[in-house]
Amino acid sequence: MPESLIVARDLTKHYPVRSTGMRGPRATVKAVDGIDLDLAAGECLALVGESGCGKSTLASLITRLEDPSGGSIIVDGEPVAGSRREALRFRRDVQIVLQDPFSSLNPRLTIESVLREPFEIHRGLLPRSRWRERSIELLEMVGLTEEHLDRYPHEFSGGQRQRISIARALAVEPRVLVLDEPLSALDVSVQAQIVALLKELQSTLGLAYLFISHDLAVVRSMADRVAVMYLGRIVEQGATRDVYESPQHPYTQALLSSSPIPDPRKRDQPGRIVLQGDAPSPIDPPSGCTFRTRCWRAVSACSERPPELSGEGRLVACFRPGPDAATRVVIREDLA
């Protein structure tokens, strides 16, 4: 594997809450609970998992939109410090594209003003005389034109707004884009266009992506590696093809098995895994392995201590890893 551009070690984010009303005792939500992550230059690492598992919180930590409760982040061999100068330098390297293009753009600003903001924040990046010219270049990179500069966000479709969000993220010439569910608010046909755009930009600019998504078909078409999250922890990580074709962790098997199958004649085939019960509360997770209360392969050791994420190439946090049931993911042809 190439040398890592971003290295996160033992990253945690805990939120104090009151468990039973204003006078109740304090509890802690372990949104991210000791995660190690490596992202190499030019690769796409996908984060998948059900809602509430901590994916977006991890994205906020990686981009330093939130400060971690513990752990460290190293970019290109340099620890990320807390000074304003270091933060600005870090944000030139790492940018984020948010889930909802309808709320991530200021409705009071023209698109030219939206694209000029990064140049105003990162003084010295570009002479003021070139700001409009560079804004036009950014729009053309994402498939828009100069005539869109003087319009407001409400005059665009969802897909166009997401293109503008991507253009804004590219303004400071980052090396990493964190893509937090960038397709979920878009129609399927528009999703395919944005996927094609992201692939083209990665190839042209050599970008690294941390790609967060619920859509397993899109992930398979985009990602070089996949990390599967459950209740604040990574339970399996490896090359996309390996994880999809031979999932080792029971949760990964259940997740892949839940992927929608377009052909109704194939939906009742054996191998589908339906988990019993809801995910445990992050305020009061089970002891040991947090998945054990829903796992059909749990043994006594699972309740005694959490399994470590370990292995050669393929990393799995399970005391009994291995293929267990037939799983499958259908790749939509419009996204492949």
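Counting heavy atoms from C-beta on, the side chains of L210 and V94 never come closer than 4.5 Å. Side-chain contact between D93 and D76 is absent, with no heavy-atom pair separated by less than 4.5 Å. Side chains of L115 and W131 form no contact here, defined as non-hydrogen atoms less than 4.5 Å apart. Counting heavy atoms from C-beta outward, K13 and P68 have side chains that stay 4.5 Å or more apart.
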Sequence neighbours excluded and cut-off under 3.5 Å, please list the side-chain donor-acceptor pairs for residues 298-310, or say none.
{"from": "S303", "atom 1": "OG", "to": "S300", "atom 2": "O", "distance (Å)": "2.9"}

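The main-chain N or O of S113 is found under 3.5 Å from a side-chain atom of T110 such that the two form a donor-acceptor pair. The backbone N or O of G159 lies less than 3.5 Å from no partner atom in the side chain of Q162, so there is not a single donor-acceptor pair.
Checked for salt-bridge contact, R220 and D215 miss the test: no charged N lies under 4.0 Å from a carboxylate O.
Rounding to the nearest 0.5 angstrom, the gap separating the CG atom in L105 from the CG atom in L98 is 9.5 Å.
With sequence neighbours left out, the side chain to side chain donor-acceptor pair (under 3.5 Å) criterion links E66 to Y15. The side chain to side chain donor-acceptor pair (under 3.5 Å) check on S287 picks up R292, with sequence neighbours excluded. For Q237, there are no side chain to side chain donor-acceptor pair (under 3.5 Å) partners, not counting sequence neighbours.
The shortest non-hydrogen separation linking L186 to P182 is CD1-O, 3.7 Å.
Applying the side chain to side chain donor-acceptor pair (under 3.5 Å) definition to pairs two or more places apart or across chains, none involves residues 115-126. Listed by first and then second residue, the ring-ring contact (aromatic ring centres under 6.0 Å, His included) pairs that reach into residues 273-295 are Y230-F291, H249-F291, Y251-F291, sequence neighbours excluded.
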